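Atom set for the values below is all heavy atoms of this structure, side chains included, hydrogens, waters and symmetry mates excluded. The structure presented is a predicted model; accordingly, all values stated were derived computationally and were not measured.
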Amino acid sequence: MNSTESLELSFMEQIARASAGNLSSIEAISQAQIIAQQKLNSAQFPSKRDEAWKYFDFRDILDMDFIQAPATLSLSQSQLSELIDKYVFKETSENLIVTYNGVFSLELSNFKSSLEGLTITNFNSSEELAKNPKAHALVKKYFARNIKNENNFFNLVNTSLISNGFLLALDDNYQTTQPIQVLHLSDKNEFSQIRSLIFAGKNSKLDLLVTYIGLKDAKYLKNSVVEAYLDAGAQVKLRKIQNESKQATVLYNFYAQLERDSKLEFDSYSFGAKCSRKDLTIDIIGSNAHADINGLYVVNGARKSHQKIRINHLAPNSTSNQMFKGLLDDSARAEFNGLIEVAKGATKTDSTQLNKNLLLSNSAHIDSRPQLNILNDDVKCSHGSTVGSLDEEQLFYLESRGLSRQGARAILTYSFCQELIKRISIKSACNYASNLAFANISKQEEGNLVFGTLAENSKFKRYRVENVD
Amino acid sequence: MTETIISIKNLHAHIDEDGKPREILKGLNLEIKAGEVHAIMGPNGSGKSTLSKVLAGHPDYEVTEGSIEFHGKNLLELEPDARANSGLFLAFQYPVEIPGVNNLSFLRMSYNSKQKYLGKEEMDPLDFDDFIEEKINILKMNTSFLDRNLNEGFSGGEKKKNEILQMLVLNPSLAILDETDSGLDIDALRIVADGINTYKSSKNAVLLITHYQRLLDYVQPDFVHVLAGGVIQQTGDKNLALELEKSGYAVSK
């Protein structure tokens with residue numbers, strides 16, 4: 001047995017040990033845990049031989065110390081409040097959900113606005129669910145709904161090991177007036193499982209900004225699972241900004257189910273982590289539903305970013321668009337692996353998928369695989385990918401206006417990211433993302449200035465006066 | 001004595017085509033003094049746009065022979081940004097789009113690059129708003145133009161106006177306008193011409209590259225040159241342009 005094999009075995013054993021006796025007191029959850037544990041018992045540790053993990057370096061997981069995160073908060077509330085304040089946007093400070101090292105805390109969360117029609121609770125607390133039968137019914141119906149088909153190893157690990165997490169549910173017709181921020185904060189060298197369950201009732205509207213923040217150089221392994229269920233006519237916007245510690249490995253599993261006429265906008269912005277991986281699965285199960293799935297990944301140094309996306313069109317007349325952009329510097333590596341599957345009977349599907357990569361260094365490396373699997377006639381699908389460096393004609397145009405080569409490069413880099421970053425409607429979060437994009441490519445003094453100036457989003461004054469409320 | 005702004009002598013330049021150099025400029029001579037307006041006309045493929053790109057420092061073109069002095073300095077030793085900051089401006093025939101980059105911020109960065117290069121104080125955003133407002137009024141442009149992204153989704157005419165706006169902001173000593181008149185309707189043409197006439201003074205010079213006589217009705221050239229086969233074939237006054245309009249380039253042969 002070589003050293004990797006023994007590390008894999010040890011990882012599996014520790015999972016088994018941690019799983020034993022971790023059954024939830026909520027029946028719906030414990031049932032899912034039992035299924036997950038059974039699957040894990042017969043599963044192999046994933047390897048590069050699996051198509052889905054072909055480009056993944058498992059040392060980024062196996063080299064981590066396996067220290068299971070405790071199920072309770074390790075800092076006092078006042079200590080935490082101070083810490084949290086730094087990572088909350090002014091637009092969302094009164095609509096805030098917080099987890100700290102994987103532990104959801106209702107006390108740290110802050111909701112000044114009315115909770116009428118909105119449920120936020122720990123889904124694994126029998127006490128909470130007893131108080132809220134509606135929430136209990138949702139957990140029963142939706143928690144790990146896809147577990148029988150789930151084969152992602154780390155999703156199963158999450159299900160098996162979770163101790164808490166939050167349910168965010170919107171009643172039928174409820175519409176958020178302000179965006180809600182979910183802040184996931186980590187600073188301990190631990191292996192944490194984060195889980196959230198989102199349910200949007202019929203014709204409800206949710207605007208969610210999720211930030212994953214890691215402090216200092218914490219060396220943690222984070223395994224997140226997010227499930228989102230959109231009932232008929234629901235509209236969910238989920239913007240996710242990932243700024244994890246540069247020593248961390250983070251795995252993110254997102255599963256969404258879209259009922260008829262619903263609309264999901266999922267935008268992911270990845271900047272941090274030594275190694276990050278996203279597995280996104282969208283099941284469009286109702287007709288006339290629409291999914292917009294976008295992502296920007298910015299990596300430099302020797303860091304890695306993986307995105308695996310699968311969109312299943314299972315009902316007729318549904319549409320989906322994907323736009324993933326990668327900005328790679330130094331010897332960073334990234335992977336885009338996107339699959340659109342159109343099932344039998346999903347006629348009139350209209351789906352696009354595009355992956356664009358900008359390589360700022362000759363040593364950066366991208367593996368891009370856009371894929372289609374169409375089992376049906378009468379559909380419209382397109383896909384493609386591009387890999388390139390900065391456009392010489394654009395560079396020359398900017399230089400001919402007096403900007404230095406460095407400045408011109410920074411402007412074009414900014415331009416490349418902006419198409420996706422501008423989709424963040426919260427202005428301070430949008431600026432935050434712009435700055436992170438620049439902070440994660442190799443620094444150039446001139447570029448700093450350019451990004452600063454452009455991120456101001458300066459409006460001409462007359463226009464500004466007209467827009468004063 | 002009137003200052004010579006640019007002096008081009010025996011200029012030879014080529015471009016790489018499938019790995020083979022193709023010579024386009026074949027010994028071009030041109031001298032432009034302060035206060036002058038020169039027009040260069042000529043058949044397609046004669047090297048007009050190449051000349052403008054060589055002057056601005058486009059990396060695809062290589063100068064193999066000859067010299068260009070700009071305010072007495074060797075222009076060919078300067079990078080494109082240094083050429084711009086020293087007072088050379090090229091209005092592009094096809095301005096590129098830069099999505100996501102605010103037009104106003106870009107104009108201010110461009111202006112301040114020049115200020116910095118000249119060792120002058122940079123302008124802050126509020127002062128720049130006043131400064132740009134004056135320029136934009138000359139071109140009868142809506143101020144919402146400034147809040148859009150650099151050339152992104154601009155019509156052909158809007159792009160050309162934006163080039164002239166940049167010229168007014170940077171106030172160069174030599175403005176090279178590469179077919180700025182093409183694709184403009186008659187109203188836009190008048191506005192662009194007004195912009196050029198507002199800009200020109202006894203201290204600077206204009207080099208118009210055009211296919212048509214009509215711009216020259218609004219901006220009076222002091223010299224009209226015919227560029228053909230990579231050299232200036234003929235030079236005259238504005239009447240030469242009228243003649244060319246009537247009888248084509250055959251007269252210059």
Side-chain angles (χ1 to χ4, degrees), chain A residues 296 323 325 327 356 358 390-424 430-431 433-434 437-438 445-467, chain B residues 53 55-60 79-92 94-117 125-126 128-130 132-133 136 142-152 163 166 169-170 172 176:
Chain A
L296 171 70
M323 167 63 92
K325 282 187 156 187
L327 179 61
K356 289 184 177 178
L358 178 56
L390 293 170
D391 182 83
E392 280 298 331
E393 289 306 313
Q394 290 181 326
L395 278 172
F396 175 64
Y397 184 75
L398 295 171
E399 287 179 275
S400 80
R401 297 301 179 253
L403 296 150
S404 69
R405 189 89 183 165
Q406 267 189 25
R409 285 176 67 92
I411 287 182
L412 294 183
T413 307
Y414 179 90
S415 160
F416 180 79
C417 302
Q418 211 52 24
E419 179 185 2
L420 291 172
I421 288 179
K422 73 178 180 200
R423 292 174 55 83
I424 305 173
C430 184
N431 288 348
S434 276
F438 185 68
E445 209 178 306
E446 194 100 7
N448 225 335
L449 196 75
V450 166
F451 259 68
T453 307
L454 291 173
E456 285 166 21
N457 285 327
S458 55
K459 288 245 179 237
F460 185 64
K461 61 174 178 182
R462 291 237 223 125
Y463 204 70
R464 193 163 58 201
V465 171
E466 282 164 18
N467 277 329
Chain B
K53 286 188 170 156
L55 293 176
H58 194 289
D60 284 356
E79 293 295 324
D81 55 332
R83 296 182 192 200
N85 291 327
S86 310
L88 186 139
F89 179 85
L90 169 62
F92 281 58
Y94 303 109
V96 298
E97 299 194 11
I98 316 276
V101 171
N102 174 271
N103 205 19
L104 178 63
S105 302
F106 165 72
L107 287 164
R108 199 173 83 239
M109 277 193 280
S110 178
Y111 178 84
N112 281 335
S113 292
K114 186 174 179 180
Q115 291 294 99
K116 206 168 141 190
Y117 184 85
L126 284 175
F128 192 78
D129 279 3
D130 292 337
I132 196 82
E133 188 173 3
I136 204 163
N142 193 303
T143 50
S144 65
F145 210 73
L146 298 168
D147 294 324
R148 292 167 69 185
N149 291 327
L150 180 50
N151 293 333
E152 187 184 8
E163 295 291 288
Q166 292 173 24
V169 166
L170 294 172
I176 304 157

Does a side-chain heavy-atom distance below 4.5 Å link E79(B) with R405(A)?
no
I411(A) vs M109(B) side-chain heavy atoms within contact, under 4.5 Å:
yes
Using non-hydrogen atoms and a 4.5 Å limit, figure out which bit of L412(A) sits close to chain B: side chain, backbone, both or neither.
side chain
The reported gap from OG in S400(A) to CG in L55(B) (rounded to nearest 0.5 angstrom) is 12.5 Å
Need one label for N151(B): side chain, backbone, both or neither, based on atoms under 4.5 Å from any heavy atom in chain A.
side chain
Measure the acute angle between the ring planes of Y397(A) and F92(B), then classify it against the limits of 30° and 60° as parallel, tilted or perpendicular.
perpendicular
Which answer fits E163(B), side chain, backbone, both or neither, if we ask what part of it has an atom under 4.5 Å from a heavy atom of chain A?
side chain
Below 4.5 Å, heavy atoms only, C-beta onward: do F106(B) and L403(A) meet side chain to side chain?
yes
Among V96(B), L170(B), L150(B), the residue with the most heavy-atom pairs under 4.5 Å to chain A is V96(B)
Contacts of D391(A) meeting side chain to side chain contact (heavy atoms under 4.5 Å, CB included) (sequence neighbours excluded), chain-then-number -> E393(A), Q394(A)
Please classify the contact between N112(B) and chain A as side chain, backbone, both or neither, with a heavy-atom cut-off of under 4.5 Å.
neither
Point-to-point distance, once rounded to the nearest 0.5 Å, from CG of L90(B) to CZ of F396(A)
6.5 Å
Who among A82(B), P95(B), P59(B), A84(B) has the most heavy-atom pairs with chain A under 4.5 Å?
A84(B)
Atom CG of N149(B) and atom CD of E419(A): how far apart are they, to the nearest 0.5 Å?
11.0 Å
Does the S415(A) side chain pair with the main chain of P99(B), one donor and one acceptor, at a distance under 3.5 Å?
yes
More than 12 heavy atoms from other groups under 6.0 Å of OH on Y94(B)
no
